[in-house]
Number of protein chains: 2
Amino acid sequence: MTDSLPPIQTTARDDAVLKALAGFVRQEALGPGQKLPTERILAERLKVSRNTVREALTRWEGLGLVERRQGSGTYLKAAVSPDMLHMPLTLAGGNDFAGLMCTLEIRRALEAEAAALCAVRAGKAELAEIEHKLNVMEEAFRTRDGMSSDEDWEFHQAIFRASGNPLFEQIIAAMYELFHRFWEHPLGVRDFGHASFPYHRTIFDRIVARDPEGARAEALKLIATVEDDLKRGAANLKLSDRK
Amino acid sequence: MTDSLPPIQTTARDDAVLKALAGFVRQEALGPGQKLPTERILAERLKVSRNTVREALTRWEGLGLVERRQGSGTYLKAAVSPDMLHMPLTLAGGNDFAGLMCTLEIRRALEAEAAALCAVRAGKAELAEIEHKLNVMEEAFRTRDGMSSDEDWEFHQAIFRASGNPLFEQIIAAMYELFHRFWEHPLGVRDFGHASFPYHRTIFDRIVARDPEGARAEALKLIATVEDDLKRGAANLKLSDRK
DNA sequence: GTGGTTCAATGGTCCAACCAATTTCTGCAC
DNA sequence: GTGCAGAAATTGGTTGGACCATTGAACCAC
């Protein structure tokens, strides 16, 4: 057999554009937030049409690597390196109770593991960051007397980042969005998330104690309270079921 | 403070194109492999420029939803529905040991949970399917005297499907592909995966025994052997490290 | 300073070609 | 009729140029 004879690429303009652009970003040491050259300039320098440049940038935009602002420019949104692996994952949205429960099962598995890894790997800076987010969240809880989605989420994100594995944050972020796309309002449960509050600090305590299994156990308890809330919401919704 | 004032969207042409196209696919009940209308036709029907259509299709192509063949047409590559969540995973420096290890950490968390859920939820038909895949894999192992990636993977997939949560299969499949995109050859380790062989049957045994924690423990042992293999491969590669 | 106005820069869209790969049709030889 | 080579049509890929919509900075009146 004549394997490993990849078909020659007679046309791969936009791919070449992206490779060149990745090299440029590397050479200029550009980081997130920084602006990269104009489409017109890129087209001229690379000797390709502006349309081709646009198709290439559209791909990067779809991968979340870049953000375009009309009238302003194109800005890096994440670190870009010539050797990156992209794996687009599209999830069929489950808009019902079972679908929400599915996202929680994934979170249960991943959050527990992330908390355990965090307890092992987190450095001093990461611990300080997590503690700060925890304090902000607790303050918001006291003043507004209820869980605040945003501050709560930032606390969890800090843990994922400290796990040393970027995939945790990316995947759980997808679960989070999938969950909140349909949730918005807590399905009639007024104090949604209330029960999860104390576990945030217990998780943090186990992490600073460098106790991975303890952190895992506390994370599992936290997710369990969310699952309970969801079940209560589903019960409330039973009567007004749509479709 | 004036929160919850999302910026108004004045232009979103290509997004609108994708939404319309998703609706079209749904209405015509198009599935993977089928051809969708010409760019020129889409442009005419939707009253937008062909360029806009192309940018929209470029996005879908980047997400792996669609495949374009010059001179032939644009074909669906996966099922699309109007309500989909797209999650582009990017693994910086995925070509090295750390990147591969990241995918294994996700798999460790998810495979353990999936095995436990499977032990609780799998029905008779699912158990039979898993056992069949296990027998095929063991037969392949004996005849070829080594792990066979394909049969091995099908066994695991059967477990994920029996977990009752489709997200497990989708996410772990993404990890699997991310892992194998660079692995191809086992980094010089001849009997890669050999050590994992016995755990396939022990996992299955714990599942049929309806023992979720036992299944979880065996799944963790299996992943641990793969991680060991990977570490050995990394050690082999140490000397010939590039860059 | 505050609030408008102007103006250049930049991404977004459109058009009309042409190129390159593929598919389909056509017509000829047999 | 069959088979096949070449022409023609189809379709995605690229180009260049034009114009629109938004942004942001400079400028100006008050």
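Sequence lines set the chain letters: A, B, ... in the order given, protein chains first and strands last, and positions in each chain run from 1.
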Which residues pass the ring-ring contact (aromatic ring centres under 6.0 Å, His included) test with [X], sequence neighbours left out?
{"X": "A:His200", "result": "A:Phe155, A:His156"}
{"X": "A:Phe197", "result": "A:Phe141"}
{"X": "A:Phe168", "result": "none"}
{"X": "B:Phe160", "result": "none"}

Which residues share a salt bridge (charged side-chain N to carboxylate O under 4.0 Å, His left out) with B:Arg69, sequence neighbours left out: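 Applying salt bridge (charged side-chain N to carboxylate O under 4.0 Å, His left out) to B:Arg69 gives B:Glu67.
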[N] [atom2] sits how many Å from [X] [atom1], rounded?
{"X": "B:Leu76", "N": "D:dG12", "atom1": "CG", "atom2": "P", "answer": "13 Å"}
{"X": "A:Ile41", "N": "C:dA9", "atom1": "CD1", "atom2": "P", "answer": "10 Å"}
{"X": "B:Asp14", "N": "C:dG12", "atom1": "CG", "atom2": "P", "answer": "8 Å"}
{"X": "B:Gln70", "N": "D:dG12", "atom1": "CD", "atom2": "C1'", "answer": "5 Å"}
{"X": "B:Leu42", "N": "D:dG13", "atom1": "CG", "atom2": "P", "answer": "13 Å"}
{"X": "A:Leu57", "N": "D:dT14", "atom1": "CG", "atom2": "P", "answer": "14 Å"}
{"X": "B:Leu46", "N": "C:dT13", "atom1": "CG", "atom2": "P", "answer": "13 Å"}
{"X": "A:Glu44", "N": "C:dT10", "atom1": "CD", "atom2": "P", "answer": "12 Å"}

Degree of bending in the helix from C:dG1-D:dC30 to C:dC30-D:dG1 once both end axes are built from five pairs, to 10°: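 Computed angle between terminal axes is 10°.
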Phosphate OP1/OP2 of C:dG11: any A:Arg54 side-chain N/O under 4.0 Å: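 For C:dG11, neither OP1 nor OP2 has a side-chain N or O of A:Arg54 closer than 4.0 Å.
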Distance below 4.0 Å between A:Thr74 side-chain N/O and C:dG11 OP1 or OP2: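 So the side-chain polar atoms of A:Thr74 do come within 4.0 Å of the phosphate oxygens OP1 or OP2 of C:dG11, strictly under.
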Under 3.5 Å donor-acceptor pairs involving side-chain atoms of residues 56-65 of chain A, not counting sequence neighbours:
residue	atom	partner	partner atom	Å
A:Thr58	OG1	A:Arg54	O	2.7
A:Thr58	OG1	A:Arg68	NH1	3.1
A:Thr58	OG1	B:Glu55	OE1	3.2
A:Arg59	NH1	A:Asp14	OD2	3.1
A:Arg59	NH2	A:Asp15	OD1	2.9
A:Glu61	OE1	A:Arg68	NH1	3.2

Ion pair check, B:Glu129 and B:Lys133, cut-off under 4.0 Å: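 Salt bridge between B:Glu129 and B:Lys133, a charged N being under 4.0 Å from a carboxylate O: yes.
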Closest non-hydrogen atom pair, B:Ala109 against A:Leu110: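 Scanning both residues completely, I find the closest heavy atoms to be CB-CD2, 3.9 Å.
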Sugar-phosphate only, base, or nothing, as touched by A:Arg69 at under 4.0 Å among non-hydrogen atoms: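 Since only primed, P, OP1 and OP2 atoms lie under 4.0 Å of A:Arg69, the category is sugar-phosphate.
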CA sep, side-chain torsions, deciding dist, call: A:Ile203, A:Leu222, side chain to side chain contact (heavy atoms under 4.5 Å, CB included): CA-CA 9 Å; A:Ile203 290 178; A:Leu222 191 153; 3.8 Å; yes
Shorter than 3.5 Å, N or O on both sides, protein versus nucleotides 15-18 of chain D: list them out with atom names.
residue	atom	partner	partner atom	Å
D:dT15	OP1	A:Arg13	NE	3.3
D:dT15	OP1	A:Arg13	NH2	3.0
D:dT15	OP2	A:Ser49	N	2.9
D:dT15	OP2	A:Thr52	OG1	2.5
D:dT15	O4	A:Asn51	ND2	3.4
D:dG16	O6	A:Asn51	ND2	3.1

For [X], side-chain contact (heavy atoms from CB on, under 4.5 Å) partners two or more places apart:
{"X": "B:Glu139", "value": "B:Arg142, B:Thr143"}
{"X": "A:Glu126", "value": "A:Ala122, A:Ala162"}
{"X": "B:Gln157", "value": "B:Trp153, B:Glu154, B:Arg161, B:Glu169"}

Comparing A:Ser72 and A:Glu55 on DNA chain D - which has the more 5′ nearest nucleotide: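 It is A:Glu55, whose closest nucleotide lies nearer the 5' terminus.
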Positions of residues 26-38 of chain B (non-hydrogen atom under 4.0 Å from DNA chain C), listed by number: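 Those residues whose heavy atoms fall under 4.0 Å from DNA chain C, taken from residues 26-38 of chain B, amount to none.
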